[in-house]
Visitor: 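Dropping the structure in here first, questions after.
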Amino acid sequence: MINYMSSKKLNIKALLNLPQANIEVAVDAWVRTKRQSKNVAFLALNDGSTIHNLQAVVDVDDQIESILDRIHTGASVHVEGILIPSEGKGQSYELKTTTIHIWGEANPDEYPLQPKKHSLEFLREIAHLRFRSNLFGAVTRIRHAMIFAIHNYFNQNGFYNVHTPIITASDAEGAGEMFQVTTLDLNNLPKTEDGSIDYSKDFFGKSANLTVSGQLEAELAAMALSKVYTFGPTFRAENSNTSRHLAEFWMIEPEVAFADINDDMDLAEGLLKYCVQYALDHCNDDLQFLSERIIAEEKSLPEKDRSMELIEKLKMVVDNDFVRITYTEAIDILKNSNPNKKKKFNYIIEAWGADLQSEHERYLVEKHFQKPVILTDYPKEIKAFYMKLNEDNQTVRAMDILFPGIGEIVGGSQREEDYEKLVGRMREMHIPEKEMSWYLDTRKFGSAPHAGFGLGFERLLLFVTGMGNVRDVIAFPRTPKNCEF
RNA sequence: UCCUCUUUAGCUCAGUUGGUUAGAGCACCUGACUGUUAAUCAGGGGGUCCUUGGUUCAAGUCCAAGAAGGGGAGCCA
């Protein structure tokens, strides 16, 4: 029995980048397509290291034909041979095959992936196999690159990563509906004398939920380590069915002490530009593939409805400063805008204080400025309790970053560091002080101005990959009525 | 949750005014082919027309309810 594991192996990305060929190599990979004629067969091999396939060229004889007969799209194989300059067009190198070993067959009557374009909806239904598509392979590699870039950026800038809790008993931030975590028997709930559920019998001795944000805990860490960030899973039990929402998503939340809202905006803009530049520098092949895919997809659209070419769009973000305007300025622009005057908006902007709808954000980003926009200083009524009150007593130092095609990608603020003002805001918004004493302690002992934001990781990926739905940039999306795999 | 569209072969889709045995391309199987690039050419097999109920001599097609999915909105990241 030959031990195929012991052979000298390189991944396909490394092989295709070798400066010269004519060497013996071994490759483990999955078969994308097989093309066979009487005397020669071609296997397109992919091991996920790159979007590109390695072409194995196989001279057909009786013995090898019996192996080839068992190889179909999706099979995993070990192939040995000599890497040579390709005799055919379409690739620089190819593998002149001497040995084929099948690790695992893929029954073609059952294997759902074909060497053709599948719909995103179909791929979502076979999420366990869609890693093997060109598209999801590219997205997955870019997702990894962005995770890496984020940690890199913060590490290089003196931030410490903190793991904030995933299970939490505080329901303070009001960021959305929460998933409850319990070990109680739902068919036989313990009750108190007044008939309500007796959470003292629950695992933690009180009601607990999955986190909707690591921000409050990150603030605690920032009040000692100065610059921290979290990057973890976040859970929202909202019944939102959109291309931009998940029940389980990943969020980046930096928190910086001795920083104001301008520092916060600089940090966010710096992070976003670093990530996009990192993708341009490290994911060129995958971006190229995604770009071509979008162009093919939009070919039938009239020119005015087509989106900017992906790589051009990414460069545009890196090369241009984000527009920074206040909410008040945005309202003025919107009030005087054509769609507002001609009543094209579904929600007409009439007065200061109105919450901005998606259509307004899109107008500002996609029509008026045509680049990322940071909106600041929102009315306090439409923002969270912890945001720092401006001297006008009307607005808070919030900042939202709006991206073309995506909308809000970052939401952040300078935090209210004044104990009395913070307690005042909590009372106005009916947030229980008692349960939040640990949070308020930071304002009691050595309080300091500080700021932070939340960046939706999947929304960043939407922008970088040009995909249209967050369900296609996370391996196993969790959405209302969907928890497969 | 609201508005809207969709659901026909493994996949992508066509199916006329309600009318005989529901079609195509791809995939699969068989054969041909000396180098292909989602190979090509010829032939073949493959259907709970989303579900339930209704109208009708007759329903893939019309009506009602439901389910699943897409797009948009709200909420947000």
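To find a chain, count down the sequence lines: A is the first, B the second, and so on, and within it residues start at 1. Remember, predicted model here, so these are calculated numbers, not experimental data.
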Visitor: Return the value, rounded to whole Å, for the distance between atom CD of A/Glu297 and atom P of B/U12.
Guide: 13 Å

Visitor: With a 3.5 Å cut-off and just heavy-atom distances, do the side chain of A/Arg244 and the base of B/C75 make a donor-acceptor pair?
Guide: no

Visitor: If you measure only the distance, is there a donor-acceptor pair under 3.5 Å linking the side chains of A/His78 and A/Glu80?
Guide: yes

Visitor: For the base of B/A77 and the side-chain ring of A/Phe457, does the geometry meet a stacking cutoff of under 5.5 Å between centres and under 30° between planes?
Guide: no

Visitor: Can you check the A/Gln36 CD to B/G31 C1' distance for me, whole Å?
Guide: 13 Å

Visitor: Hey, could you give me the CG/CD distance between A/Leu216 and A/Glu255, rounded to the nearest 0.5 Å?
Guide: 9.0 Å

Visitor: When you get a sec, tell me which of B/C11, B/A38, B/U34 is the closest nucleotide to the side chain of A/Pro115?
Guide: B/A38

Visitor: The side chain of A/Lys96 is closest to which nucleotide in this list: B/G35, B/C28, B/C26?
Guide: B/G35

Visitor: Measure from the side-chain heavy atoms of A/Asn239 and tell me the nearest of B/A73, B/U1, B/C28.
Guide: B/U1

Visitor: Could you verify whether a donor N or O on one side chain and an acceptor N or O on the other, from A/Thr164 and A/Glu217, lie under 3.5 Å apart?
Guide: no

Visitor: What's the CD-P distance between A/Glu408 and B/A73, to the nearest Å?
Guide: 14 Å

Visitor: Quick one: A/Glu94 CD to B/U36 C1', roughly how many Å, whole number?
Guide: 10 Å

Visitor: Starting from P on B/A77, measure out to OH on A/Tyr229 and report it in whole angstrom.
Guide: 21 Å

Visitor: Base, sugar-phosphate alone, or nothing: which one does A/Gln91 contact when heavy atoms must sit under 4.0 Å apart?
Guide: base

Visitor: How about A/His360 and A/Phe345: are their ring centroids closer than 6.0 Å?
Guide: yes

Visitor: By nearest atom, which of the nucleotides B/A77, B/G35, B/C26 is closest to the A/Lys116 side chain?
Guide: B/C26

Visitor: Rounded at 0.5 Å granularity, tell me how far OH in A/Tyr439 sits from CG in A/Leu422.
Guide: 6.0 Å

Visitor: Closer to the 5' end of RNA chain B via nearest nucleotide, is it A/Pro112 or A/Phe249?
Guide: A/Pro112

Visitor: What integer number of Å spans the P atoms of B/G72 and B/C41?
Guide: 38 Å

Visitor: Nearest to the side chain of A/Asn469, heavy atoms from C-beta on, is which of B/C11, B/G71, B/U34?
Guide: B/G71

Visitor: Which part of the nucleic acid does A/Lys89 contact within heavy-atom distance under 4.0 Å: base, sugar-phosphate only, or nothing?
Guide: base

Visitor: For a quick check, tell me whether the side chain of A/Arg236 and the base of B/A77 share a donor-acceptor pair closer than 3.5 Å.
Guide: yes

Visitor: Looking at every strand, decide which applies to A/Ser119 at a 4.0 Å heavy-atom threshold: base, sugar-phosphate, or nothing.
Guide: sugar-phosphate

Visitor: Between B/G66 and B/A9, how far apart are the C1' atoms? Round to whole Å, please.
Guide: 25 Å

Visitor: Rounded to whole angstroms, how far apart are NE2 on A/His72 and P on B/C28?
Guide: 7 Å

Visitor: Just checking A/Asn53: base, sugar-phosphate only, or nothing, at a heavy-atom cut-off of under 4.0 Å?
Guide: nothing

Visitor: Check whether the ring centres of A/His151 and A/Phe231 lie less than 6.0 Å apart, and answer yes or no.
Guide: yes

Visitor: Classify A/Gly454 by what it touches in the nucleic acid, base, sugar-phosphate, or nothing, heavy-atom distance under 4.0 Å.
Guide: sugar-phosphate

Visitor: If I take atom CG in residue A/Leu113 and atom C1' in nucleotide B/C26, what distance separates them, rounded to the nearest angstrom?
Guide: 14 Å

Visitor: With sugar-phosphate meaning primed atoms plus P, OP1 and OP2, does A/Glu359 contact a base, only sugar-phosphate, or nothing at under 4.0 Å between heavy atoms?
Guide: nothing

Visitor: Would you tell me whether A/Arg35 and A/Gln55 have side-chain atoms, one donor and one acceptor, within less than 3.5 Å of each other?
Guide: yes

Visitor: Of all the nucleotides listed (B/C33, B/G35, B/C26), which has the minimum atom distance to the side chain of A/Gln114?
Guide: B/C26

Visitor: When the C1' atoms of B/G18 and B/A38 are compared, how many Å lie between them, rounded to an integer?
Guide: 40 Å

Visitor: State yes or no: are the ring centers of A/Phe322 and A/Phe403 separated by less than 6.0 Å?
Guide: yes

Visitor: Which residue, A/His118 or A/Pro108, contacts RNA chain B at a nucleotide closer to its 5' end, judged by nearest heavy atom?
Guide: A/His118

Visitor: Is B/G66 paired to anything, Watson-Crick or G-U wobble with both distances less than 3.5 Å, and if yes, which nucleotide?
Guide: B/C50

Visitor: B/C76, B/G72, B/A68: which one has an atom nearest the side-chain heavy atoms of A/Ser243?
Guide: B/G72

Visitor: When all nucleic acid strands are considered with a 4.0 Å heavy-atom cut-off, which category describes A/Glu121: base, sugar-phosphate, or nothing?
Guide: sugar-phosphate

Visitor: Counting side-chain heavy atoms from C-beta on, which of B/A77, B/U36, B/C33 comes nearest to A/Leu246?
Guide: B/A77

Visitor: Counting any heavy atom closer than 4.0 Å, what does A/Phe42 reach on the DNA or RNA strands: base, sugar-phosphate only, or nothing?
Guide: base

Visitor: Return the value, rounded to whole Å, for the distance between atom CZ of A/Phe289 and atom P of B/A38.
Guide: 12 Å

Visitor: Is there a donor on the side chain of A/Gln55 or the base of B/U36 sitting less than 3.5 Å from an acceptor on the other?
Guide: yes

